[in-house]
**Student:** 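There's a structure below that I have some questions on.
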Amino acid sequence: MDEFLANALDDLDRRGLRRRLTPLQRADARHAVLDGRTLINFASNNYLGLSHHPAVVEAAASAAREAGAGAGASRLLSGTLDLHTKLEASLAAFKGTESALAFPTGYMAAVGAIPALAGDGAAVLMDKLNHASLIDGGRLAAQGGATLRVYPHGNWDKLERLLERHDRSAPRLLIVTDSLFSMDGDLADLPRICDLAERHGASVMIDEAHATGTFGENGRGAAEHFGVEERVRVHMGTLSKALGGLGGYIAGGADLIELLRNRARTFLYTTAAPAPVIAAAIAAIEVVRTDEGRRRRETLRANAARLRRGLTERDLDIGASASQIVPVILPEIDRMMSVAAGLRERGFLVGAIRPPTVPTPRLRVSVTAMHTPEDIDGFLDAAEELI
Ligand SMILES: *Cc1c(COP(=O)(O)O)cnc(C)c1O
């Protein structure tokens with residue numbers, strides 16, 4: 001074991017891929033305090049600033065006082081509180097589905113749901129750039145006898161060929177995709193995917209982790225944005241990004257949710273999320289559905305457009321970003337890392353993303369509704385000087 005550990009760590013060092021944690025003294029949707037310095041935080045997924053919204057914080061604090069810090073058991077044992085049921089009803093009402101199921105994290109929602117829905121004989125088709133949780137869910141489904149096939153990012157011809165190949169042999173076909181891709185900030189062509197699925201008798205599962213609360217007229221996600229909510233069978237998302245807390249969910253038909261309640265191992269064999277976490281999520285969904293939520297969404301969109309426009313005007317490569325997630329592609333790892341360090345010197349925290357998380361190194365700049373135009377313009381000037 002010692003030899004294995006030393007070699008594996010050396011190998012990471014040699015390839016410039018060793019990762020280190022950067023503990024912050026404090027972070028919200030605008031600022032991060034690092035080594036006593038306050039930086040502008042362009043590295044968070046807290047897109048609407050709800051982690052620090054007074055109503056959300058108060059809901060969590062009072063739930064902790066009333067119900068304690070921990071749930072004490074798994075959901076099916078004695079861990080389900082009225083609060084969990086209330087959250088699930090609120091998620092279903094928000095997403096416009098019959099039912100919904102909450103998981104402790106989004107990762108667990110994916111890893112639990114995909115194998116539960118696609119076992120022996122099924123085929124699971126995935127976009128190459130899907131989030132790791134979906135890929136891992138697909139791998140588990142494959143262990144259970146499903147066929148897992150990955151198509152190149154956004155390659156609909158390839159997806160169609162896979163559907164043609166499998167629609168006679170697999171009794172169940174499931175297309176799984178991020179709706180808003182987490183490292184490129186581009187949207188999946190959901191109408192196209194739904195067309196293909198319908199032509200071949202496949203079901204569609206979308207992961208709205210970054211689109212929940214941020215996309216669509218009412219913040220319901222990219223499916224709302226594209227007008228395809230009714231055509232998507234499995235709506236997955238997280239409570240951890242725009243909703244500002246922690247947790248994941250699947251929303252869909254009553255039978256779908258009932259099956260997951262019985263078969264999703266990440267639901268069955270883990271302790272229920274604590275009351276403060278659940279109360280915070282309920283409060284956050286309420287904010288998203290009000291005028292205040294709409295205003296925050298509008299500010300987010302304006303900020304994202306300002307950032308994308310500014311980077312493009314400076315001839316920086318932002319790929320196909322169409323959202324609040326804006327990559328700045330810098331293919332050389334060392335250079336990318338030194339630009340990230342330089343930005344930090346100048347007061348801006350951004351993500352520095354390397355393989356294997358992404359194929360091409362990039363800064364990942366994520367803007368929120370809490371940034372001011374001056375924050376964004378200051379960042380653009382610093383980026384222009386450094387890159
Ligand atoms: C963050 C993320 C997840 C995981 O959600 P958590 O609640 O953080 O576990 C799943 N899918 C995508 C696309 C994500 O970005």
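This structure is a prediction, so every number in the text was calculated from the model and none was measured. Counting convention: from 1, in listed order, for ligands and their atoms alike. Computed over heavy atoms, backbone and side chain alike; hydrogens, waters and symmetry mates excluded. The first residue in the sequence is number 1, and the count goes up from there.
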**Student:** Parallel, tilted or perpendicular for Trp156 and Tyr151, by the 30°/60° rule?
**Tutor:**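 It falls in the tilted class, 30° to 60°.
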**Student:** Below 4.0 angstrom, N of the basic side chain to O of the carboxylate: do Glu258 and Arg261 qualify?
**Tutor:**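 Judged by the 4.0 Å cut-off on N to carboxylate O distance, Glu258 and Arg261 do form a salt bridge.
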**Student:** Any idea how Phe42 and Phe379 line up, ring-wise: parallel (<30°), tilted (30 to 60°), or perpendicular (>60°)?
**Tutor:**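 Answer is tilted, since the angle falls between 30° and 60°.
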**Student:** Ring centroids only, cut at 6.0 angstrom: are Phe181 and His153 within range, meaning strictly under it?
**Tutor:**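 Between Phe181 and His153, the centre distance is under 6.0 Å.
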**Student:** Which side-chain N or O atoms in residues 55-62 pair as donor and acceptor under 3.5 Å with protein atoms at least two apart or in another chain?
**Tutor:**
unit_1	atom_1	unit_2	atom_2	d
Ser62	OG	Glu58	O	3.3

**Student:** Under 4.5 Å between side-chain heavy atoms, counting indirect links through other Ile/Leu/Val/Met/Phe/Trp/Tyr residues: same cluster for Leu140 and Tyr107 or not?
**Tutor:**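 Yes: a chain of side-chain contacts under 4.5 Å links Leu140 to Tyr107.
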**Student:** What short N/O contacts, under 3.5 Å, does ligand 1 make with the protein, listed by atom pair and distance?
**Tutor:**
unit_1	atom_1	unit_2	atom_2	d
ligand 1	7 (O)	Gly106	N	2.8
ligand 1	7 (O)	Thr238	OG1	2.7
ligand 1	7 (O)	Ser240	OG	2.7
ligand 1	9 (O)	Gly106	N	3.1
ligand 1	9 (O)	Tyr107	N	2.9
ligand 1	11 (N)	His131	ND1	3.4
ligand 1	11 (N)	Asp207	OD2	2.5
ligand 1	15 (O)	His210	NE2	2.5
ligand 1	15 (O)	Lys241	NZ	2.6

